[in-house]
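Accompanying notes for the structure given below.
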Amino acid sequence: MTIREKIRQGFVYFDGGMGTMLQANGLQSGELPERWNLTHPEQITRIHRAYVEAGCNILKVNTFGANVYKFGEELPDVIHAAFECARKAVQGEDVALALDVGPLGKLLKPLGNLDFEEAVQAFAQIVRLGVENGADLILIETMNDAYETKAAVLAAKENSTLPVFVTNVYDERGKLMTGADPLAMIAMLEGLRVDALGMNCSLGPAQMKALMPEFARYASVPVIVNPNAGLPRSVDGKTIYDVGPEEFASLMREIAGEGARILGGCCGTTPEYIRQMIAATSDMTPLPLTEKTDTVVSSYTHGVRVGDRTILIGERINPTGKKKLKEALKKHDIAYILNEGLKQADQGADVLDVNVGLPGIDEAEVMQEAVKELQAVTDLPLQIDTSSPQVLERAIRIYNGKPLINSVNGKEESMEQVLPLAARYGGVLIALTLDEQGIPMDAQGRVDIAKKIMERAAAYGIAKKDIIVDPLAMTVSSDPSSAMVTLEAIRRIRQELGMHTSLGVSNVSFGLPRREMITSAFFAMAIQSGLSAAIMNPGSGEMMKIYHCSQALLGQDPNCQGYISYAQSVQISEVQSATVRSASEPTRPEGLRDSIIPGFSF
C-alpha cells in the first residue's frame, strides 16, 4: 500500500526528533547531525529502529540539513549513507522513508542574497539524490519563509513523481518568520498540488492545537502536525521541554479529533512520545477529507477570500489609456510602478493588477522585475495580466503566493496554453467569455463559454473554485443593451454555474463624457447582481463611495465598519481641503450675496 493510500484510509504516524536524540547521544554544539550518517551510522540506525518499534509509519531520513552549501561535493555520500542507515533500521517492515528537506540556511531575495532559481536548483540536487536512493516521499519541513517553501516544492515536483509533504514553522501569532499565515500557505501549497501540509517545530502541541481550526477550515489535503515536546527552556545549560509523553499524547488525540490526519513529533520527542501518541489515537477514526470550496488568492503574508464581499482589483498598473505609465515603461522607471502600487494599496485595493505589455519593451523581463519589486514593497496579492503565455509563466513561477491569472478565454489556443500553466504553478484564473466567434451578444452565450472553460480546466485538475468568470463589460454608447446583458450574465453564472465573477467595470463608459458618473452607476448595479471582483480605480472617489455604500446596504460590511471608516476618512480629507482652500483665499468683506447663497445649499 502506498503512503497516499494509507493516508486516505486512516492516521499515519511520523517519527520524532532526530536532532535532539543525537544531542542526547553525544552530538556536540556546531557539529552537523547529517555527518553522523558517515561517522556514526550505527547510532543513526539505532535511533531510527527505536521509532520503528514505537509504531511509526514514516521515518524522516537524516538528511534535514544536507545541502550543497553545507556539504559541497560530499553531499551525495551523506545522503546515500542516510538512506542506508534508515533501510537497516526498517528491516523490511512497511515503513516509508521520507527524504527530509530543511531550509538551505540562506535567505532568499529580497530579504537575503540567494536568488530564487538558485534555491530551486539547490533543492533539486537534494531531490534527485533522494530519488536515486529510494525515497518513498519528500518531506519539506521547518520552513519559515513562503518563498523558500515554494522553491523547494517546485524542485520536488520538477525532479520527481514522489508524494510531497510540507510543514512550516509558525509562531504563537500563527505567522511564519516572513509573515505568512496558515491561509496564505494553504492557498499557495494546494495550488502547487502538494499531497499534505501542516506545521512542525517551534511550538508545542497546545499551541499547535490553537492553530488547527484554520487548517481544518481551509485545507482540502491531509493536515500534518509534528509539534515539539512543548516549549524549550534552558536548565543548567541544557535544553529541556515542558511537555511529557503522556500530556503530549493527550493533546495529540485532541488535535487528531480536530482534523489532523498525519501525526508525529519534532524537537524533544523521543520514541516514548510517539508510542504513547499512537496508543492514544489508535481507537479513533480520522475526520473525513473534504474538498473546500473557498476561492483564495494570496501574497507571501495573507490570503484574500473571494465571495465574502466584492474584491477590489486596482487597475492603475496597466498602460491602456495611461500616458504617464507608458512613458515610465519606456524609460524603465520601476519606481513609478511601485508608487502606483503603493497608492492603490493605501486607497483600499485588495489585489493589484500588473500589466506591462507595451510595444518596444521586453515584456517578460519587465513583468518579472515588476512582480519582484512590487512584492518587496507591498504584501497585496497580485493579478498577473498578460496575453503572452511566456510572460505569464515567468511571472507566476517567481510569484510569492497564489496569484490571480488574467486571463484565459474560450479559444482552443488560449485554453491549451494557459490551463497547463495554472495547473503547474497554481493560481486563480480569470476566464473571459469569448471564443473563436468573438463575444456572444446574449447572456446565454457567455454562460456557455464559462461552462466550456470550467469543464476543460477540470481535465487539468483545476477546480471550479479556482476560476473567476469575466462576462465582459462592453461600451454602452455603441450598444444600449450591452450593460443589461453583462448584468444578466453575472447573475446566471453565479446562480447556474456556482462560479464567481469579475469585471473591468470602466469599459462600460468608453466614448462618453464624465465617464466616472456612468461607471460608478454600473458598478453599483453589478455589485447588486452578485459581482465578486472588480478591476477598478481605487483612487476614484465616486467608485469608492459606491463600493462602501453598496457593501453596507447588502450586508457585506459587518457593523458598517468599512463604511464608517471610509466616511471618516472622506470627512477628514474634506476638512483638510477646506482649510487649505481658505488659507489661500484673500479675506474679503461679507456682503448680502455671500450670506444668502450658502443658505440654498441646505
Nearest-0.5 Å distance that lies between atom OH in Y563 and atom CD in Q568: 10.5 Å

Ion pair R316/D353, N-O distance below 4.0 Å: no

SB check K372 E117 (cutoff 4.0 Å): no

Spacing of CE belonging to M185 relative to OG1 belonging to T301, to within rounding of 0.5 Å: 11.5 Å

Pair E340 + K343, salt bridge at N-O below 4.0 Å: yes

Validation row: Y399, M188 side chains within 4.5 angstrom (heavy atoms): no

Residue pair Q528 / S550, side-chain heavy-atom distance below 4.5 Å: no

Short side-chain donor-acceptor distance under 3.5 Å, Q390 and S388: yes

Non-hydrogen side-chain atoms of I334 and H332 separated by less than 4.5 Å: yes

Taking every non-hydrogen atom, the tightest pair across K292 and K465: O-NZ, 2.9 Å

4.5 Å side-chain heavy-atom contact, M143 and V169: no

Minimum side-chain heavy-atom gap L111-T178 below 4.5 Å: yes

Salt bridge (Lys or Arg N to Asp or Glu O under 4.0 Å) evaluation trace for K464 with E455: CA-CA 9 Å; K464 180 171 69 172; E455 291 173 348; over 6 Å; no

Proximity of Y147 and Y300 rings by center, below 6.0 Å: no

Residue pair E393 / Y425, side-chain donor-acceptor N/O under 3.5 Å: yes

